[in-house]
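Here the structure is a predicted model, which is why all the values come from computation and not from measurement.
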Amino acid sequence: MAKIKVKQVRSSIKRPQNQKRTLEALGLHRIGHVVEHENTPNIMGMIDKVKHLVSTEEA
């Protein structure tokens with residue numbers, strides 16, 4: 001399965017609680033933090049919910 005790198009580029013301050021929880025579920029805790037996940041439909045759906053707060057690239 002392909003890997004995808006997810007980097008938090010914007011703050012979660014003043015964001016709805018569901019977006020904050022989505023960032024936590026992805027394993028992101030601060031701006032500049034990078035995590036690597038499998039490229040699955042579940043992860044892609046989570047990324048889509050917070051696409052304005054994160055950047056992605058293929059690993």
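We find the OG-CD distance between S12 and Q17 to be 9.5 Å, quoted to the nearest 0.5 Å. How far NZ of K5 is from OG of S55: 11.0 Å, rounded to the nearest 0.5 Å. Atom NZ of residue K20 and atom CG of residue L53 lie 11.0 Å apart, to the nearest 0.5 angstrom. Atom-to-atom distance recorded for N42:CG and M44:CE is 11.5 Å, nearest 0.5 angstrom.
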Result block: side-chain N/O donor-acceptor pairs under 3.5 angstrom for residues 28-41, not counting sequence neighbours:
residue, atom, partner, partner atom, Å
H33, ND1, G27, O, 3.4
H33, ND1, H29, N, 3.3
H37, NE2, L26, O, 2.7
E38, OE2, K3, NZ, 3.0
T40, OG1, I43, N, 3.4

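Q19 meets the side-chain hydrogen bond (donor to acceptor under 3.5 Å, both in side chains) test with H52; sequence neighbours excluded. Under the side-chain hydrogen bond (donor to acceptor under 3.5 Å, both in side chains) criterion, K14 pairs with no residue, sequence neighbours left out.
Its side chain outside the 4.5 Å cluster rule for every partner, V9 clusters with none of the Ile, Leu, Val, Met, Phe, Trp and Tyr residues. Listed by chain and number, the hydrophobic cluster partners of M1 come to none, as no ILVMFWY side chain reaches under 4.5 Å of it.
Counting heavy atoms from C-beta outward, K7 and E57 have side chains that stay 4.5 Å or more apart.
The salt bridge (Lys or Arg N to Asp or Glu O under 4.0 Å) pairs that include a residue from residues 43-54 are D48-K51, where partners are two or more places apart or lie in different chains.
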Next item on the list: Apply side-chain contact (heavy atoms from CB on, under 4.5 Å) to Q8 and L23, showing your working.
Entry: CA-CA 8 Å; Q8 185 173 348; L23 287 174; 4.0 Å; yes
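Nearest heavy atom pair, residue M46 against residue A25, reads CE-CB, 3.3 Å.
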